[in-house]
Peer 1: 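Structure below; questions to follow.
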Number of protein chains: 2
Amino acid sequence: MPVTLKEVAERAGVSRSAVSRTFTEGASVSARTRAKVEKAARELGYSPNALASSLTTGRTKLIGLVSNNFHNPIFLEVFDLFTRGLQDRGLRPLLVNLSDEVDPANSIRMLRQYSVDGVIVASSTLPPSFAEAFRDAGLPVVHSFGRYTTSPYVHVVGIDNIACGRMAARALVARGHRRVAFLGGPPGATSTQDRERGFLEELARHPEITVSVTHASAYSFDAGRAEMQRLLQTTPAEAYFCGDDVLSIGALSAIQDAGLCVPQDIGIIGLNDMAMARWQNIDLTTIRQPLAEIIGASIDLVVATIEEPGRYPETRLFPCRVVERGTLRPV
Amino acid sequence: MPVTLKEVAERAGVSRSAVSRTFTEGASVSARTRAKVEKAARELGYSPNALASSLTTGRTKLIGLVSNNFHNPIFLEVFDLFTRGLQDRGLRPLLVNLSDEVDPANSIRMLRQYSVDGVIVASSTLPPSFAEAFRDAGLPVVHSFGRYTTSPYVHVVGIDNIACGRMAARALVARGHRRVAFLGGPPGATSTQDRERGFLEELARHPEITVSVTHASAYSFDAGRAEMQRLLQTTPAEAYFCGDDVLSIGALSAIQDAGLCVPQDIGIIGLNDMAMARWQNIDLTTIRQPLAEIIGASIDLVVATIEEPGRYPETRLFPCRVVERGTLRPV
DNA sequence: ACCAATTTTGCAACCGGTTGCAAACGGTCG
DNA sequence: CGACCGTTTGCAACCGGTTGCAAAATTGGT
């Protein structure tokens, strides 16, 4: 059904190579043949088969976009930015939903079958070994929202979660809170581990302040709410640094249901600054993670690695900043 | 770099066809050769190139998933279900983000270049002509969340929006409201048009009830909030049927900010029942759209059409029901 | 052990493109 | 007009598979 190179060649009265050349950037074709070919192609409605050409060129312009975060609303923003960014560069996202899969083997096999040019692993809950397995399979890979390392084995783009933990701690200290706490995401997530670490390190400099730590089972509203409900059964802290925004919103809902006021009775600071944090009925004080920059850099890096396969793995971290809204009392 | 059929054949001491056959379902290979081939393949880490095989078989197992809804949180649920559902059937989603594009031509060209087996257009804001253009290009297509027609030109899977409008109207009537209103999404969206129509038709049977209609500029929190703020400047209705949940949440926030109580002062009923509607700090009364069924049927239908290209276009609608929560007073 | 029926196998052509190479072409200059 | 040089062109091989067909191997029956 779809029209092929050969048919265009016949109609234009030229060889197949001529047609191929008019459709490849920087190939040698005279203006006359090009015109003939373009006319024939237009009349026939021809567009070259990207997959067939990938056979010889070795490039598909397909990028595997692997994620397991299909429940945290911020990932809709992430997918929006990734798909647009990839499209803008002429690349196509092949989406892989990991849901509860932890073994990269299947995804690797599948993405190799489709000869993707590169892979982006977008997750803060997958272990570093996950992205590394792609690299071991010879695929250019970038781990977005991954953990910072001084000697990375794969490209990592994201934020300095330890520094964010510190930043959150300083924000709470600056407000004079004496009993603070970290309400983390799933303990296995490197993002939570690092945020916790930074938070505790900074607070270690203030021995007069009491710190406690607990974890929600997932980065989700329900998990955040459940954990805060549990905490409210005994004496809660004065202010919480929550593992991320969706957790914060869950915690807020538990606090409000308990008849307590935010930020008077309990303060909350989140992390991400997803669109919803700006919603006026939520109005969450949070640490802003510069999504667009992270995603832009991730794409740049995967493209650079495709072009230069031996490229040395690098880490790109973007600075975050506190966005003051209504869930933490003024300094 | 990746290992090919030929290398496996050489190592196993068989022909290339033999290798090909051991990897194709239902081909004739003796147990002995199969064993030899599988051993060689395992040792070499071979997995067949899906794109190369697609050249001769004409099937890529790639499905174009086209959407323009990257800002409505329910679409994260939609993408989750679509990607999982497709993966479960051995299909791969090639995601296309339309953002503000309205012309299908580019998407069609691109999806044909990648020889997708079929296309799913997931949007309630794109006109019917959008999906139809794919069909005209010879691509099997299903329009999910599209408009119901008695004589569809493409497959449509979704809900009966007119019936939903009626259902919302009945819910408000049953509660004894005398001044009700529809706060729709973008006027161009067929979903909004149909919901409005059903709502008005049902209310026409109750001449004693005052009805008014306005529209938000998008299915988004901000648009819903802005429109409700505008409405609150004069005398608002007693209860609103909002175009969808995210609009409802925006409206709720405006109402609360104005110091009014829901459902006492103003009632709200939404549509979709997205995960967030269940969040206890939102607790939205809404009309539940059975997402999983809609998406399952969409995939079934696109698969069926791939297998039987001449298949008659059909419409599959799923029933919705009111989910009672806290934003509408009890009957 | 022989023969026919059945299964398995390899050859070779093909899917829709790309590309190195050498021949054909077009233009310039003496 | 012919030699020379740089472009443009087509041929043919190749990318990594699949598949129709006929030959080879196996099976079963006698």
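All heavy atoms count here, side chains included; hydrogens, waters and symmetry mates do not. Throughout, a chain's letter reflects where its sequence line sits, starting with A, and its residues are numbered from 1. In this text, all values refer to a predicted model and were calculated from it rather than measured experimentally.
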Peer 1: NZ of K6(B) versus P of dC15(D): gap in Å, rounded?
Peer 2: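 Those two atoms, NZ and P, are 6 Å apart.
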
Peer 1: Would you classify V14(A) as touching base, sugar-phosphate or nothing, given that sugar-phosphate means primed atoms plus P, OP1 and OP2, and contacts are heavy atoms under 4.0 Å?
Peer 2: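 The answer is sugar-phosphate, as V14(A) gets under 4.0 Å only of primed atoms, P, OP1 or OP2.
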
Peer 1: Specify the separation, in whole Å, of atom CZ of R32(B) and atom C1' of dA24(D).
Peer 2: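 Result: 14 Å.
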
Peer 1: Can you tell me if the side-chain N/O atoms of T4(A) get under 4.0 Å from OP1 or OP2 in dG16(C)?
Peer 2: no

Peer 1: Can you measure L51(B) atom CG to dG17(D) atom P for me and round it to whole angstrom units?
Peer 2: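 In whole Å, dG17(D) P lies 11 Å from L51(B) CG.
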
Peer 1: With respect to the phosphate group of dT9(D), does any side-chain polar atom (N or O) of S17(A) fall under 4.0 Å of OP1 or OP2?
Peer 2: no

Peer 1: Are the aromatic ring centres of F70(B) and F79(B) under 6.0 angstrom apart?
Peer 2: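 Between F70(B) and F79(B), the centre distance is under 6.0 Å.
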
Peer 1: Which of these nucleotides, dT19(C), dG16(D), dT18(D), is closest to any side-chain atom of L55(B)?
Peer 2: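 Nucleotide nearest to L55(B)'s side chain: dG16(D).
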
Peer 1: Is any side-chain nitrogen or oxygen of S30(A) closer than 4.0 Å to OP1 or OP2 of dT9(D)?
Peer 2: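 Indeed, a polar side-chain atom of S30(A) lies that close.
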
Peer 1: Can you tell me how far P of dC15(D) sits from CZ of R59(A), to the nearest Å?
Peer 2: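 From R59(A) CZ to dC15(D) P: 18 Å.
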
Peer 1: Would D117(A) and R92(A) count as a salt bridge (Lys or Arg N to Asp or Glu O under 4.0 Å) here? Give the steps.
Peer 2: CA-CA 10 Å; D117(A) 289 347; R92(A) 316 287 160 207; over 6 Å; no

Peer 1: Starting the side chain at C-beta, find the nucleotide from dG17(C), dT18(D), dG20(C) nearest to R16(A).
Peer 2: dG17(C)

Peer 1: Please give, in whole Å, the distance from dT8(C) C1' to R34(B) CZ?
Peer 2: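 Interatomic distance, CZ of R34(B) to C1' of dT8(C): 13 Å.
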
Peer 1: Take the protein atom NZ of K36(A) and the nucleotide atom P of dT9(D), then report the distance between them rounded to whole Å.
Peer 2: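 It is 8 Å, rounded to the nearest whole Å.
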
Peer 1: Going by distance alone, is a donor N or O of one side chain under 3.5 Å from an acceptor N or O of the other, for N97(B) and Q87(A)?
Peer 2: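 There is no such pair between these side chains.
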
Peer 1: Here's a test of your reading of the structure: between T33(B) and F23(A), which maps to the more 5' nucleotide of DNA chain C?
Peer 2: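 The residue closer to the strand's 5' end, by nearest nucleotide, is T33(B).
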
Peer 1: Kindly say if Y114(A) contacts the phosphate of dG16(D), meaning a side-chain N or O under 4.0 Å from OP1 or OP2.
Peer 2: no

Peer 1: Have a look at V19(B) and say if it touches a base, only the backbone sugar-phosphate, or nothing, with a 4.0 Å heavy-atom cut-off.
Peer 2: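 Since no nucleic acid heavy atom lies under 4.0 Å of V19(B), the category is nothing.
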
Peer 1: Among dC15(D), dG10(D), dG10(C), which nucleotide has an atom closest to any side-chain atom of T56(A)?
Peer 2: dC15(D)

Peer 1: In terms of side-chain heavy atoms, does S124(B) have a donor or acceptor partner in Y219(B) at a distance below 3.5 Å?
Peer 2: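 Absent: no donor and acceptor within the cut-off.
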
Peer 1: Quick one: which of dT7(C), dG17(D), dG10(C) gets closest to the side chain of S28(B)?
Peer 2: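 For S28(B), the side-chain atoms sit closest to dT7(C).
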
Peer 1: Do S123(B) and T125(B) have a side chain donor and acceptor closer than 3.5 Å?
Peer 2: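 Present: a donor and an acceptor within the cut-off.
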
Peer 1: Starting the side chain at C-beta, find the nucleotide from dT9(C), dC11(D), dG17(C) nearest to R21(A).
Peer 2: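 Of the options given, the side chain of R21(A) lies nearest dC11(D).
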
Peer 1: Using a cut-off of less than 4.0 Å, is there contact between a side-chain N or O of S15(B) and OP1 or OP2 of dG10(C)?
Peer 2: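 Yes, such a contact exists.
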
Peer 1: In whole angstrom, give the distance that lies between atom CG of L5(A) and atom P of dT18(C).
Peer 2: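 Atom-to-atom, L5(A) to dT18(C), this comes out as 7 Å.
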
Peer 1: Contact class for S54(B) (heavy atom, under 4.0 Å): base, sugar-phosphate, or nothing?
Peer 2: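 Nothing: the residue S54(B), judged by heavy atoms under 4.0 Å, touches no strand.
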
Peer 1: For the pair K39(A) and E43(A), find out whether any cationic side-chain nitrogen is under 4.0 Å from an anionic carboxylate oxygen.
Peer 2: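 Salt bridge present between K39(A) and E43(A).
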
Peer 1: What is the separation between atom CD on E25(B) and atom P on dT18(D), rounded to the nearest whole Å?
Peer 2: 13 Å

